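Note on naming: letters A, B, ... go to the chains in the order of the sequence lines (proteins, then strands), and numbering restarts at 1 for each one. Note that the structure is predicted; figures quoted are calculated from it, not measured.
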There are 2 protein chains.
Amino acid sequence: MSGEVCGNDDPVERRSPTIYDVAEAAGVSPSTVSRAFSRPGRVNAETAEHIRRVAHDLGYRVNPLARSLPVERTSMLALVVADATNPFHFEIIRGAQDAATKAGYTVLLTDTRESDLLERQALERTLPMVEGIVLASSRMSDSTIRVTAKQRPMVVLNRVVTGVPSVVTDISSGARRAIDHLRELGHDRFTYVAGPEASWTDGMRWRELRAATRGTGPKVRRIGPFPPTLEGGVTAGRALRRAPTGAVIAYNDLLAIGLMGELIGHGHRVPDDLSVIGFDDIFGAQLVTPGLTTVAAPLYQVGSTAVGHLLAVLNGARPQTEAPLVVPTSLIRRRSTGPYGGDPVK
Amino acid sequence: MSGEVCGNDDPVERRSPTIYDVAEAAGVSPSTVSRAFSRPGRVNAETAEHIRRVAHDLGYRVNPLARSLPVERTSMLALVVADATNPFHFEIIRGAQDAATKAGYTVLLTDTRESDLLERQALERTLPMVEGIVLASSRMSDSTIRVTAKQRPMVVLNRVVTGVPSVVTDISSGARRAIDHLRELGHDRFTYVAGPEASWTDGMRWRELRAATRGTGPKVRRIGPFPPTLEGGVTAGRALRRAPTGAVIAYNDLLAIGLMGELIGHGHRVPDDLSVIGFDDIFGAQLVTPGLTTVAAPLYQVGSTAVGHLLAVLNGARPQTEAPLVVPTSLIRRRSTGPYGGDPVK
DNA sequence: CAACATATGGCAACTTCTTGCCGGGCCCGT
DNA sequence: ACGGGCCCGGCAAGAAGTTGCCATATGTTG
């Protein structure tokens, strides 16, 4: 036990001990202390044990800055998300964080508020400190992304940028599942409520929906774009009320929920008059009434896969730039979809 | 314009330039380069301009690690939250991040998954790299917190730890507002659905509810504790069904929402049979049916205030350890509360 | 017992940047 | 004309680690 009594009225600011202090206290040289911690086996077991004990008594902790400087490894990863409060990103963040922690890495999470300017600034700030980058829902241009990817290993999420490794959900099968589900219920006319035009995912969803209906009977039309938020959903709902339609497939759950609320608020019944499907299965999709049927993706896996790949690259693996890594999707059936019951009330 | 053509098939790994490279290219000494960037005015304006131009052409960026080492300023703050996916924390995170960014600081966000072990580990890992710490909803003991607070300036949120600056919401007035609202509606019997025992906030809410009803007519009882989650709410709802009660005030919105769902699912009507009030006004409170009446707190402000105080301390201000900083609360009226309509159906 | 291999600790150089101090040139006052 | 201050650039010593290389001591082999 160390005497912690310090009578002076300056309680803070006792500089933390360095390997030099430990070295002196243990009667060895600084390099030996360094090795005792970072190069086990390189130093005699007893000496190492002794050093560790002394270090512990002194309250020594290695200074990660000083350590990183010579070895060029900060053990930090940047995770840049467009909106940290969008439920869509939660599990991605968790997955990334878990995978990173497991490997001894710390993740630097940055919320860019859907702004490509803020995104670039954040990158500017954090990039020099991290070994790799995960870009979730980036709002930057492909070319900016590619330039950045030259500086550090990078993985982009929910987007495909040629030349940069990416992780995406299986939109194709997701779209098909949604259509199949609705057709089983007897629907054969669909409306896709589009999200932001800048969204790669939005483009793909629309494409795949068309592909999934091509040739066969059912038809899908598209309205939008709308901001991918509750408010956007309300706007979309208004548009829908003016021009009723068959079943609705929305760009994401937020949009779907906002839209349902608007419709229900004006006397329409879901799913009796209108079936609604969203994407993502965010927190909230099970809360609304009726519960939202949605295409779920293993977002946690998206995050952990991304970090896993990043770490592999840092350990010398070749980046997977050819084809994106695809994670599967599944359909969560809730109450917002139901059998086709004739044309919706006007 | 620099010729960027490099024919070799090793596109990565061109070590980034240092002040030495810039110094050589500009024909000055490294220290001058350093000063040109970090000490404006100390060096001749023309020289500085020249250096900056050369640096830019070389693609030089200062290495924050190397910079931090001598000056002992990393420009990073740690924000440790018990659960980053709990909507309660969103605005706190945003507020903190904004305030930090504005001051040129980066925040290192860590999610501890409600585990005090993970929390200690995270702190262990990040503490040496940051200049200050914000602890939101810490699960650690008071004494552990106090020990940690000795190592770095710290602010705790939603909790009062003597000797450590803290920011809390005005629970007292919040509780009073909830009670007043319900009494205006004719209620005079209340049940507090308690959250985790370890929660400082929970204790305070219960205390203030009792204080708000003391002496006057209405009575408040307490059931719990329950985990502060949707599932916890379901459990609480079951308990409530067995022993019906007057109006319900829940520890937080998650609990309130889970509880409403359970009750409504079993034929009770909210608010006709039972009024429900939550705390926090999380995303989701406006989504459920009926919308949840809740005591809101300016969470964004909590986060930014915390960081603001931390930065002040880092700049030499005395930490505010006497009384906690209190931010006001307000009541958001939605549809989950209604006039007293006799005793609830059994 | 000589020759060689291995284990272990130390020296010093290195990572990138900051900063106290020094000194040469220049201006100014007397 | 000369001493005293600025201005501004450079030198070198840190900041806290890592690591290549060398020097022992010890062990092993022929």
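- Residues satisfying the side chain to side chain contact (heavy atoms under 4.5 Å, CB included) criterion with B:Ala25, sequence neighbours excluded, are B:Val54, B:Leu58.
- A:Asp111 pairs by the side chain to side chain donor-acceptor pair (under 3.5 Å) definition with B:Arg94, not counting sequence neighbours.
- Whole-Å rounding puts the B:Ile19 CD1 to C:dT15 C1' distance at 12 Å.
- Shown for residues 122-132 of chain B: no residue has heavy atoms falling under 4.0 angstrom of DNA chain C.
- Residues passing the side chain to side chain contact (heavy atoms under 4.5 Å, CB included) test with B:Leu325 are B:Val167, B:Thr305, B:Gln320, sequence neighbours excluded.
- Direction of the helix axis in the helix from C:dC1-D:dG30 to C:dT30-D:dA1 shifts by 40° between the two five-pair termini, rounded to 10°.
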Contacts under 3.5 Å, N or O only, protein and nucleotides 9-11 of chain D:
{"unit_1": "D:dG9", "atom_1": "OP1", "unit_2": "B:Thr47", "atom_2": "OG1", "d": "2.7"}
{"unit_1": "D:dG9", "atom_1": "OP2", "unit_2": "B:Asn44", "atom_2": "N", "d": "3.0"}
{"unit_1": "D:dG9", "atom_1": "N7", "unit_2": "B:Arg42", "atom_2": "NH2", "d": "3.1"}
{"unit_1": "D:dG9", "atom_1": "O6", "unit_2": "B:Arg42", "atom_2": "NH2", "d": "2.5"}
{"unit_1": "D:dG10", "atom_1": "OP1", "unit_2": "B:Ser29", "atom_2": "N", "d": "3.4"}
{"unit_1": "D:dG10", "atom_1": "OP2", "unit_2": "B:Ser29", "atom_2": "N", "d": "2.7"}
{"unit_1": "D:dG10", "atom_1": "OP2", "unit_2": "B:Ser29", "atom_2": "OG", "d": "3.2"}
{"unit_1": "D:dG10", "atom_1": "OP2", "unit_2": "B:Thr32", "atom_2": "OG1", "d": "2.5"}
{"unit_1": "D:dG10", "atom_1": "N7", "unit_2": "B:Arg35", "atom_2": "NH2", "d": "2.8"}
{"unit_1": "D:dG10", "atom_1": "O6", "unit_2": "B:Arg35", "atom_2": "NH1", "d": "3.4"}
{"unit_1": "D:dG10", "atom_1": "O6", "unit_2": "B:Arg35", "atom_2": "NH2", "d": "2.6"}
{"unit_1": "D:dC11", "atom_1": "N4", "unit_2": "B:Ser31", "atom_2": "OG", "d": "3.3"}

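- Atom OH in B:Tyr20 sits about 8 Å away from atom P in C:dT15, given to the nearest Å.
- Remark: B:Asp116 engages B:Arg120 in a side chain to side chain donor-acceptor pair (under 3.5 Å) (not counting sequence neighbours).
- Phosphate contact (OP1/OP2 of C:dC17, side-chain N/O of B:Ser34, threshold under 4.0 Å): absent.
- Distance OG1/B:Thr110 to CD/B:Gln121: 12.0 Å, rounded to 0.5 Å.
- Under a cut-off of 6.0 angstrom, the local environment of CD in A:Glu114 is crowded, with over 12 non-hydrogen atoms contributed by other residues, nucleotides or ligands.
- Legend: ring-ring contact (aromatic ring centres under 6.0 Å, His included) pairs involving residues 103-148 of chain A, not counting sequence neighbours: none detected.
- Every residue two or more places apart in sequence or in another chain was checked for a side chain to side chain donor-acceptor pair (under 3.5 Å) with A:Thr148, and none qualifies.
- At whole-Å resolution of the value, CD in A:Glu24 and P in D:dA16 are 14 Å apart.
- Note on residues 19-42 of chain B: pairs passing ring-ring contact (aromatic ring centres under 6.0 Å, His included), not counting sequence neighbours, are B:Phe37-B:Tyr60.
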Query raised in the report: Which is it for B:Arg146 and B:Thr162 under the side-chain hydrogen bond (donor to acceptor under 3.5 Å, both in side chains) test, yes or no, and what are the steps along the way?
Result: CA-CA 8 Å; B:Arg146 266 192 291 266; B:Thr162 60; 3.0 Å; yes
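- Atoms CZ (B:Arg39) and C1' (C:dG20) sit 11 Å apart, rounded to a whole Å.
- Taking CZ of B:Arg42 as the reference point, atom OG of B:Ser34 lies at 10.5 Å (rounded to 0.5 Å).
- Contacts between residues 59-77 of chain A and DNA chain C, defined by a heavy-atom separation under 4.0 Å, are made by A:Leu69, A:Pro70.
- Across every non-hydrogen atom of A:Arg159 and A:Val168, the tightest pair is N-CG1, 3.6 Å.
- Annotation: side chain to side chain donor-acceptor pair (under 3.5 Å) contacts of A:Asn44 (sequence neighbours excluded): none.
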